[in-house]
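Heavy-atom basis, side chains included; hydrogens, waters and symmetry copies ignored.
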Amino acid sequence: MTNFDAAEFPAISMSVSTAGRDEATLVLGGRLDMVEAVTVRERLSQDDLVSAQYLVIDLAAVTFVDSAGLAVLARARRDRVLEGGTVTLVRPRSDDAMRVFRLTQFDQIFVMLDPTESGST
């Protein structure tokens, strides 16, 4: 049996910035996996993000994405599009995380900006 070290898999980091009532950016860092997807989904359902018609989800600092993480992003996009809004993603810098977007063709479904285009450092 392998010992689990929680320090190896830190919780996802999240911060939000807004530009008026209609625009918001959710910055994520760490692993967007099955464990953390619930937290991200809950954050996306809070009023400040629900009311933002134009949402940017900055994944530049995300190091890993699994199917649960992709599902959260797809749901955010669906919800926003149904309300006439948009979701734009900032590409992960991690090659491993970005590979998941390419393999699933999510990079074709979402508008994706390079971190340098978005001002992400």
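- Sorted by first and then second residue, the ring-ring contact (aromatic ring centres under 6.0 Å, His included) pairs involving residues 63-106 (not counting sequence neighbours) are Phe106-Phe110.
- Listed by chain and number, the residues in a side-chain contact (heavy atoms from CB on, under 4.5 Å) with Glu23 are Ala19, Tyr54 (sequence neighbours excluded).
- Expressed to the nearest 0.5 Å, how far CG of Asp107 lies from CE of Met112 amounts to 6.5 Å.
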Enumerate donor-acceptor pairs with a distance under 3.5 Å from any side-chain N or O in residues 66-82 to protein atoms, sequence neighbours excluded.
unit_1, atom_1, unit_2, atom_2, d
Asp66, OD1, Met34, N, 3.4
Asp66, OD1, Ala68, N, 3.0
Asp66, OD1, Gly69, N, 3.1
Asp66, OD2, Met34, N, 2.9
Arg80, NE, Ala52, O, 2.8
Arg80, NH2, Leu49, O, 2.7

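- Scanning both residues, Val40 and Leu26, for their nearest heavy atoms gives CG1-CD2, 4.5 Å.
- Within the model, atoms CE of Met98 and CG of Leu103 stand 10.0 Å from one another, a figure rounded to the nearest 0.5 Å.
- When all heavy atoms of Leu32 and Ala37 are compared, the closest pair comes out as CD1-CA, 4.4 Å.
- Applying the side-chain contact (heavy atoms from CB on, under 4.5 Å) test to Ser94 and every residue at least two apart in sequence or in another chain returns Asp96, Ala97.
- Under the side-chain hydrogen bond (donor to acceptor under 3.5 Å, both in side chains) criterion, Gln46 pairs with Arg43, not counting sequence neighbours.
- Ile109 and Leu44 fall within the same hydrophobic cluster, where Ile, Leu, Val, Met, Phe, Trp and Tyr residues are linked whenever their side-chain heavy atoms come under 4.5 Å apart, directly or through other members.
- Legend: residues meeting side-chain contact (heavy atoms from CB on, under 4.5 Å) with Thr88, ordered by chain and number and at least two apart, are Val56, Val111, Leu113.
- No donor-acceptor pair closer than 3.5 Å links the side chain of Glu83 to the backbone N or O of Gln53.
- Every side-chain contact (heavy atoms from CB on, under 4.5 Å) that Thr18 has, sequence neighbours left out, goes to Val16, Ala24.
- No donor-acceptor distance shorter than 3.5 angstrom exists from the side chain of Asp114 to the backbone of Thr116, with no hydrogens or angles considered.
- Of the inter-residue distances, the one linking Met14 atom CE with Glu42 atom CD reads 8.5 Å to the nearest 0.5 angstrom.
- The salt bridge (Lys or Arg N to Asp or Glu O under 4.0 Å) check on Asp22 picks up nothing, with sequence neighbours excluded.
- Of the residues Ile57, Val65, Val90, Asp58, the one that meets the side-chain contact (heavy atoms from CB on, under 4.5 Å) test with Leu28 is Ile57.
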